[in-house]
J.: 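Quick one: structure below, then a few questions.
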Amino acid sequence: GAGVSGLAATKCCLEEGLEPTCFERSEDIGGLWRYTEHVEEGRASIYRTVFTNSCKEMMCYPDFPFPEDHPNYMHNARLQQYIRDYAKHFDLLRHIRFKTVVTNIRKRPDFCATGQWEVVTQRDGKEETAVFDAVMICSGHHIYPNLPLDHFPGIEKFKGCYLHSREYKEPEKFRGKKVLVVGLGNSGCDIAVELSTVASQVYLSSRSGSWVLGRICDHGYPWDMVIITRFRTWLDSILPKSVSDWLYVRGMNQLVKHENFGLMPVNRTSRKEPVLNDDLLSRITCGVVLIKPDVKEFRETSVVFQDGTVQDDVDVVVFATGYTYTYSFMEDESIIKSRNNEVTLYKSILPPHLEKPTMAVIGLVQSYGSAIPTADLQCRWTIKVFQGQCTLPPVSKMMDDIDEKMRMKLQWKFQSTALRYGSSTTLQTDYITYMDELASAIGAKPNVLKLLVTDPRLALEVFFGPCTPYQFRLTGPGRWSGARRAILTQWDRMLRPTRTRIAPDAPSLFPISAMLGVLFLPLLLLLAVL
């Protein structure tokens with residue numbers, strides 16, 4: 001795949017002197033972010049109005065910042081252009097074979113000795129087989145919709161139409177209709193909000209509720225530049241879990257009482273990943289979006305919810321119920337799904353039972369952080385494993401690590417619609433912890449204590465500032481000479497696209513002169529009495 005992960009893989013291979021070949025089934029790069037008017041088989045699909053949920057400083061390739069005049073959160077078309085610029089800058093297109101479908105990946109007969117793979121591809125009806133020393137699977141996890149109709153009794157009787165959110169492109173054809181959106185994830189909320197501008201009424205159904213967070217956080221700064229910091233991660237690690245959970249919930253409920261909007265998670269102390277949406281609360285306030293509990297059953301023209309309420313005359317149902325993942329091109333899919341048909345990967349990347357570690361799955365991980373820097377670091381770690389420069393522990397130790405990560409996944413309780421309507425195939429983790437784990441193994445983790453001695457200004461920004469992708473290019477393989485400057489100027493680039501009018505500084509809320517007056521008032525009164 002030649003999406004954001006596949007391009008990172010291609011570029012990282014070139015950095016290390018390897019010879020990459022990237023197979024892409026479509027005629028262009030971009031993967032998920034390349035919008036098309038119609039859903040295409042075997043490709044991810046987005047709706048016309050999709051904007052990023054990560055700001056530009058947190059989601060860029062770590063050695064290729066966005067232009068400073070780009071908005072902090074951008075439309076899919078602008079991100080797609082950035083992806084093209086990245087591919088052009090690093091001369092990646094000549095390594096990509098477009099309109100080529102991978103139909104089969106299998107071990108060579110001498111795999112135990114060589115670790116090589118046979119890859120069968122098809123282009124224009126012609127089949128070709130090639131041998132590769134290693135394989136990186138970068139096909140994404142937003143392709144195969146999870147449509148769990150067996151969870152919804154009576155759906156076969158429903159006379160309206162229903163579709164998965166993957167098929168949704170734009171709102172116009174829903175004008176004047178009553179629409180039920182099932183699933184309180186990012187896509188479900190985006191679609192519900194957009195539909196509320198044309199539909200006669202939108203109902204948004206959720207089993208377990210969710211925290212809702214806007215893209216803009218404290219003092220108007222991007223949410224992820226405020227929240228995703230090493231300081232917060234460190235503080236979270238040293239505080240008792242009960243205190244940490246309380247602070248998290250208090251922070252999420254600080255702007256708005258979620259129970260007043262029917263959004264409060266069933267487990268009130270749950271540390272679910274919040275839904276990112278700037279408009280949902282206002283649409284609920286205006287009455288054009290109504291939050292409803294889980295669906296109990298469908299009838300011919302109505303929907304019965306778990307609280308016993310019935311909504312009549314529903315015209316359309318949109319199932320925003322996530323995605324499943326399949327490796328149909330793998331001759332032996334159990335290599336990746338090696339236990340109970342679940343994805344079983346060391347560091348969320350490597351199949352642990354291979355005789356030779358020459359296969360990796362890139363991008364099958366979910367966290368607060370952006371996919372682009374995560375994929376980039378995964379690729380750098382993977383290539384060091386391929387080269388034998390990053391030693392793996394015994395299989396038993398790798399399985400223990402996988403089991404521990406699975407336990408943490410259940411404890412973290414991420415906000416995943418797929419988790420509520422089936423099983424999630426993404427591997428969920430804390431962003432900074434995961435990135436540091438990979439970076440430490442290849443010598444790319446920034447040493448804050450050392451920086452405090454050699455470069456105090458940078459050390460403070462690295463620890464207390466946002467954990468931007470540039471941090472992981474300060475040192476180690478793939479070190480970027482511009483990383484330090486990018487970190488020290490990241491707030492300037494963040495402010496550039498919003499400061500489009502010269503405005504005076506805001507007056508102090510409590511001037512120093514007034515403060516001095518308050519402090520000296522008792523003394524003045526005493527002098528007056530005397």
J.: Could you give me the CA-CA distance, side-chain angles and deciding distance for Tyr47 and Ser187, then say whether side chain to side chain contact (heavy atoms under 4.5 Å, CB included) is met?
T.: CA-CA 9 Å; Tyr47 34 98; Ser187 294; 4.1 Å; yes
J.: Are any of the side-chain heavy atoms of Trp211 and Tyr248 separated by less than 4.5 Å?
T.: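 SC-SC contact between Trp211 and Tyr248 confirmed.
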J.: Quick one: side chain to side chain donor-acceptor pair (under 3.5 Å) partners of Asn260, sequence neighbours excluded?
T.: none
J.: When you measure from the side chain of Gln378 to the backbone of Met435, do you find a donor-acceptor pair of N or O atoms at a distance under 3.5 Å?
T.: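 Such a contact is absent between Gln378 side chain and Met435 backbone.
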J.: Could you tell me whether Arg48 and Glu170 make a salt bridge, using a distance below 4.0 angstrom between a side-chain N and a carboxylate O?
T.: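 So Arg48 pairs with Glu170 through a salt bridge.
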J.: Ignoring hydrogens, what is the shortest heavy-atom contact between Thr49 and Asn76? Give both atom names and the distance.
T.: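 Thr49 and Asn76 have their closest heavy atoms at C-ND2, 4.3 Å.
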J.: Backbone N or O of Thr229 within a donor-acceptor pair of the Thr233 side chain at under 3.5 Å?
T.: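 Side chain of Thr233 to backbone of Thr229, a donor-acceptor pair under 3.5 Å: yes, one is there.
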J.: Between the side chains of Arg34 and Glu40, is the shortest nitrogen-to-carboxylate-oxygen separation below 4.0 Å, so that they form an ion pair?
T.: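 Salt bridge: yes.
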J.: Could you pull out the closest heavy-atom pair between Pro373 and Cys60, with the gap in Å?
T.: CD-O, 3.9 Å
J.: Among all residues two or more places apart in sequence or in another chain, which pass the ring-ring contact (aromatic ring centres under 6.0 Å, His included) test with Phe111?
T.: Trp117
J.: Between Phe319 and Val182, is the side chain to side chain contact (heavy atoms under 4.5 Å, CB included) condition met? List the steps.
T.: CA-CA 5 Å; Phe319 288 101; Val182 178; 3.9 Å; yes
J.: Taking Arg283's backbone N and O only, do any of them form a donor-acceptor pair with Ser196's side chain (distance below 3.5 Å, no angle check)?
T.: no
J.: Looking at every heavy atom in both Met252 and Pro274, which two are closest together, and how far apart are they?
T.: CE-CG, 3.6 Å
J.: Just by modelled atom types, is the Leu163 backbone N or O under 3.5 Å from a matching donor or acceptor in the Tyr168 side chain?
T.: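 The answer is no, because no donor-acceptor pair under 3.5 Å joins these two groups.
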J.: Using modelled atom types only, decide if a donor and an acceptor are shared between the side chain of Ser328 and the backbone of Thr326 within a distance under 3.5 Å.
T.: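 No; zero donor-acceptor contacts below 3.5 Å.
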J.: Taking 4.0 angstrom as the limit, do Asp401 and Lys397 come out as a salt bridge?
T.: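 Looking at Asp401 and Lys397, the cut-off is not met.
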J.: When the ring centroid of Phe66 is compared with that of Tyr82, is the distance short of 6.0 Å?
T.: yes
J.: Would you call Arg97 and Glu24 a salt bridge, using N to O less than 4.0 angstrom?
T.: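 Salt bridge between Arg97 and Glu24, a charged N being under 4.0 Å from a carboxylate O: no.
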J.: What residue among Val303, Thr301, Val179 forms side chain to side chain contact (heavy atoms under 4.5 Å, CB included) with Val314?
T.: Val303
J.: Could you tell me whether Lys107 and Glu331 have a side-chain N and a carboxylate O separated by less than 4.0 Å?
T.: no
J.: List for me each residue that meets salt bridge (charged side-chain N to carboxylate O under 4.0 Å, His left out) alongside Lys11, sequence neighbours excluded, and say none if there are none.
T.: Glu15, Asp63
J.: In this structure, are over 12 heavy atoms from other groups packed under 6.0 Å from Lys296 atom NZ?
T.: no
J.: Run the side chain to side chain contact (heavy atoms under 4.5 Å, CB included) test on Trp223 and Ile228 for me, step by step, so that the C-alpha distance in whole Å, both residues' side-chain angles and the decisive distance to 0.1 Å come before the verdict.
T.: CA-CA 8 Å; Trp223 75 270; Ile228 304 177; 4.3 Å; yes
J.: So, are Lys99 and Glu27 salt-bridged, with charged N and O less than 4.0 Å apart?
T.: no
J.: What is the distance from atom CZ of Phe298 to atom CD1 of Ile155, rounded to the nearest 0.5 Å?
T.: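 So the CZ of Phe298 and the CD1 of Ile155 are separated by 4.0 Å.
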J.: May I ask you to decide if Tyr323's main-chain N or O and His142's side chain share a donor-acceptor pair within less than 3.5 Å?
T.: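 Looks like no, no N/O pair under 3.5 Å.
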J.: If you round to the nearest 0.5 Å, how far is CG of Leu350 from CG of Leu354?
T.: 8.0 Å
J.: Report the C-alpha separation of Lys347 and Thr382 in whole Å, then their side-chain angles, then the decisive distance to 0.1 Å, and conclude whether the side-chain hydrogen bond (donor to acceptor under 3.5 Å, both in side chains) test is met.
T.: CA-CA 10 Å; Lys347 303 299 183 189; Thr382 296; over 6 Å; no
J.: Of all heavy-atom pairs between Glu57 and Thr468, which one has the smallest distance, and what is that distance?
T.: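 It is O-CG2, 3.4 Å.
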J.: To the closest 0.5 Å, what do you measure between CD1 (Ile291) and OG (Ser206)?
T.: 7.5 Å
J.: Taking the side chain as every heavy atom from C-beta outward, state whether Tyr35 and Val50 have any pair of such atoms under 4.5 Å apart.
T.: no
J.: Going by the rule salt bridge (charged side-chain N to carboxylate O under 4.0 Å, His left out), which residues pair with Lys178 if we only count those two or more places apart in sequence or in a different chain?
T.: none
J.: So, Lys292 and Thr309: side-chain donor and acceptor under 3.5 Å apart, yes or no?
T.: yes
J.: Does the distance from a Lys or Arg side-chain N to an Asp or Glu carboxylate O, for Arg207 and Asp294, drop under 4.0 Å?
T.: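 Yes, charged N to carboxylate O under 4.0 Å.
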J.: May I ask you to decide if Pro293's main-chain N or O and Ser205's side chain share a donor-acceptor pair within less than 3.5 Å?
T.: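 Judged by distance alone, yes, a pair lies under 3.5 Å.
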J.: Only one of Asn53, Asn72, Asp224 clears side-chain hydrogen bond (donor to acceptor under 3.5 Å, both in side chains) with Arg215; which?
T.: Asn53
J.: Take Ser26 and Asp28 through the side-chain hydrogen bond (donor to acceptor under 3.5 Å, both in side chains) test and state the conclusion after the steps.
T.: CA-CA 6 Å; Ser26 72; Asp28 199 1; over 6 Å; no
J.: Ignoring hydrogens and angles, tell me if any N or O in the side chain of His38 forms a donor-acceptor pair with the backbone of Thr36 under 3.5 Å.
T.: no
J.: What residues form a salt bridge (charged side-chain N to carboxylate O under 4.0 Å, His left out) with Asp436, not counting sequence neighbours?
T.: Arg230
J.: Return the CG to CD1 distance between Leu79 and Ile372, rounded to the nearest 0.5 Å.
T.: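 Interatomic distance, Leu79 CG to Ile372 CD1, rounded to 0.5 Å: 5.5 Å.
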J.: Quick one: salt bridge (charged side-chain N to carboxylate O under 4.0 Å, His left out) partners of Glu41, sequence neighbours excluded?
T.: none
J.: Heavy atoms only: give me the nearest Tyr73-Pro222 pair and the separation to one decimal.
T.: OH-CB, 3.2 Å
J.: Report the C-alpha distance between Asn277 and Asn186 in whole Å, list the side-chain angles of each, state the deciding distance to 0.1 Å, and finish with yes or no for side chain to side chain contact (heavy atoms under 4.5 Å, CB included).
T.: CA-CA 7 Å; Asn277 194 285; Asn186 287 318; over 6 Å; no
J.: How are the rings of Trp381 and Tyr346 set to each other: parallel, tilted or perpendicular (split at 30° and 60°)?
T.: tilted
J.: Which atom pair, heavy atoms only, marks the closest approach of Met74 to Lys56?
T.: CE-CB, 3.8 Å
J.: Between the side chain of Gln201 and the main-chain N/O of Gly287, is any donor-acceptor distance below 3.5 Å?
T.: yes
J.: Checking Lys356 side chain against Phe386 main chain: does a donor-acceptor pair fall under 3.5 Å?
T.: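 Pair absent, no side-chain N/O of Lys356 close to backbone of Phe386.
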J.: Within the 4.5 Å heavy-atom criterion, are Asp376 and Cys12 side-chain neighbours or not?
T.: yes
J.: Quick one, Val212 and Phe261 - any side-chain contact, counting heavy atoms below 4.5 Å?
T.: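 Not in contact.
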J.: Using 0.5 Å steps for rounding, measure from the CD1 atom of Ile46 to the CZ atom of Arg166.
T.: 12.0 Å
